[in-house]
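In what follows, a single structure is set out as structure tokens and then discussed.
Each chain gets a letter, A, B and so on, in the order its sequence line appears, and its residues count up from 1.
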Protein chains: 2
Amino acid sequence: MKDPLTSFPGYSLRRAANAASAELAQRLSVVGLRQSDASLLMLVEANPGVTASALGRRLDIQRANMVPILKRLEDAGLITRAPIDGKSQGLALTEAGRRTLTEAFQVIEQFERELIERIPAEHRAHLLPALDAIWR
Amino acid sequence: MKDPLTSFPGYSLRRAANAASAELAQRLSVVGLRQSDASLLMLVEANPGVTASALGRRLDIQRANMVPILKRLEDAGLITRAPIDGKSQGLALTEAGRRTLTEAFQVIEQFERELIERIPAEHRAHLLPALDAIWR
DNA sequence: TCGCGAAAGCTATGCCGAATAGCAATCGGC
DNA sequence: GCCGATTGCTATTCGGCATAGCTTTCGCGA
């Protein structure tokens, strides 16, 4: 079957991201996290006391869409919210949050390793800079 | 703000795909198509008489999810379905479908050109093979 | 200092892609 | 000729993402 799509980088980009995303989502589900959860936990760990909207800006997640994510993480006992002033609140990991993040981190690093290994050696080093040039 | 995410190719892959996808979707909307519509039209043009399930297999779209896409394209007068036998039907572009696809093709090619141009020259040639290695 | 625009957090809602489960009709190889 | 595989479909759900609008609070400039 003829397939004119395969010559479009944009199409391959979408397909590759979907494939990788599905794979990672499945692996992360065994520690009870979604991808957005994991990325958010990482940023909170690296920046204790950060606010929800600062996180949203960095991750390009709208404030409105942060709400259910944070609620889920708080309900799961992984993060705490402490008022900074009347309108902002600082986020931090709980002990359970740190433990869960450690597990998630191992899953993710393993995943990333395998992802890289699938790429022929001569192309490997170019992937990250090329991708970053697209969205940054 | 510290950001441990930026060193993960998987994360950049997701972000780059999202950014590109949003951009293309917006451009395609001016010709009244979604990305899935456009990719499907291209495959139908290259393979007249192809069946819905064969298309789905190639595009990794489940049979169930093909239904609304095909219905939309048929309602818009872009494709026709002709029974092959009692259970299969062959798809083909209408005249309007060919015209619309031509417009879409120009949009897509322009988009792909700009996408490539954003990547530093020394990385360009490596992107497509690297991406293909991930999902194929 | 006080007034007002900006920012923070939130609700409600909808769209799109994708997945699952299940069904009826048909095809095709043994 | 029979039975498993295939096709097309309905119905439903979920996750990611977007928009519109609300209330409260902050903080800067007149």
When you get a sec, tell me which of [options] is the closest nucleotide to the side chain of [X]?
X	options	value
A/Gln62	C/dT11, C/dA6, D/dT19	D/dT19
B/Ala64	D/dA11, D/dC26, C/dG9	D/dA11
B/Val67	C/dC10, C/dG9, D/dC9	D/dC9
A/Lys87	D/dC9, D/dT25, C/dC10	D/dT25

Using a heavy-atom cut-off of under 4.0 Å over every strand shown, decide if [X] touches base, sugar-phosphate, or nothing.
X	answer
B/Arg14	nothing
A/Ala25	nothing
A/Arg72	nothing

**OP:** Mind listing the closest non-hydrogen atom pair of B/Leu131 and A/Pro9 along with its distance?
**Re:** CD1-O, 3.9 Å

Starting from [atom2] on [N], measure out to [atom1] on [X] and report it in whole angstrom.
X	N	atom1	atom2	result
B/Ile84	D/dG8	CD1	P	8 Å
B/Arg34	C/dG14	CZ	C1'	13 Å
A/Leu24	D/dG16	CG	P	11 Å
B/Lys71	C/dC16	NZ	P	14 Å
B/Ile69	C/dG17	CD1	C1'	8 Å
A/Asn65	D/dG15	CG	P	13 Å
A/Met66	C/dA8	CE	P	12 Å
A/Leu59	D/dC17	CG	P	10 Å

Between [N] and [X], is there an OP1 or OP2 to side-chain N/O distance shorter than 4.0 Å?
X	N	result
A/Ser88	D/dC26	no
A/Arg15	C/dA18	no
A/Arg63	C/dA6	no
B/Ser53	D/dG8	yes
A/Arg57	C/dA8	yes
A/Asn18	C/dA18	yes

Original post:
Do the side-chain N and O atoms of A/Gln106 and A/Gln110 include a donor-acceptor pair separated by under 3.5 angstrom?
Top reply: no

**OP:** Flag the pair B/Lys2 and A/Glu45 as a salt bridge only when some basic side-chain nitrogen lies within less than 4.0 angstrom of an acidic carboxylate oxygen.
**Re:** no

Subject >> SB check B/Glu23 B/Arg27 (cutoff 4.0 Å) >> reply: yes

**OP:** Could you tell me whether the side chain of B/Ser29 and the main chain of B/Gly32 form a donor-acceptor pair under 3.5 Å?
**Re:** no

Subject >> Closest-nucleotide 5' rank along DNA chain C - winner of B/Gln35 and A/Leu70 >> reply: A/Leu70

**OP:** For B/Thr80 and B/Glu74, run side chain to side chain donor-acceptor pair (under 3.5 Å): C-alpha distance rounded to whole Å, both residues' side-chain angles, the deciding distance at 0.1 Å, then the answer.
**Re:** CA-CA 6 Å; B/Thr80 55; B/Glu74 190 179 29; over 6 Å; no

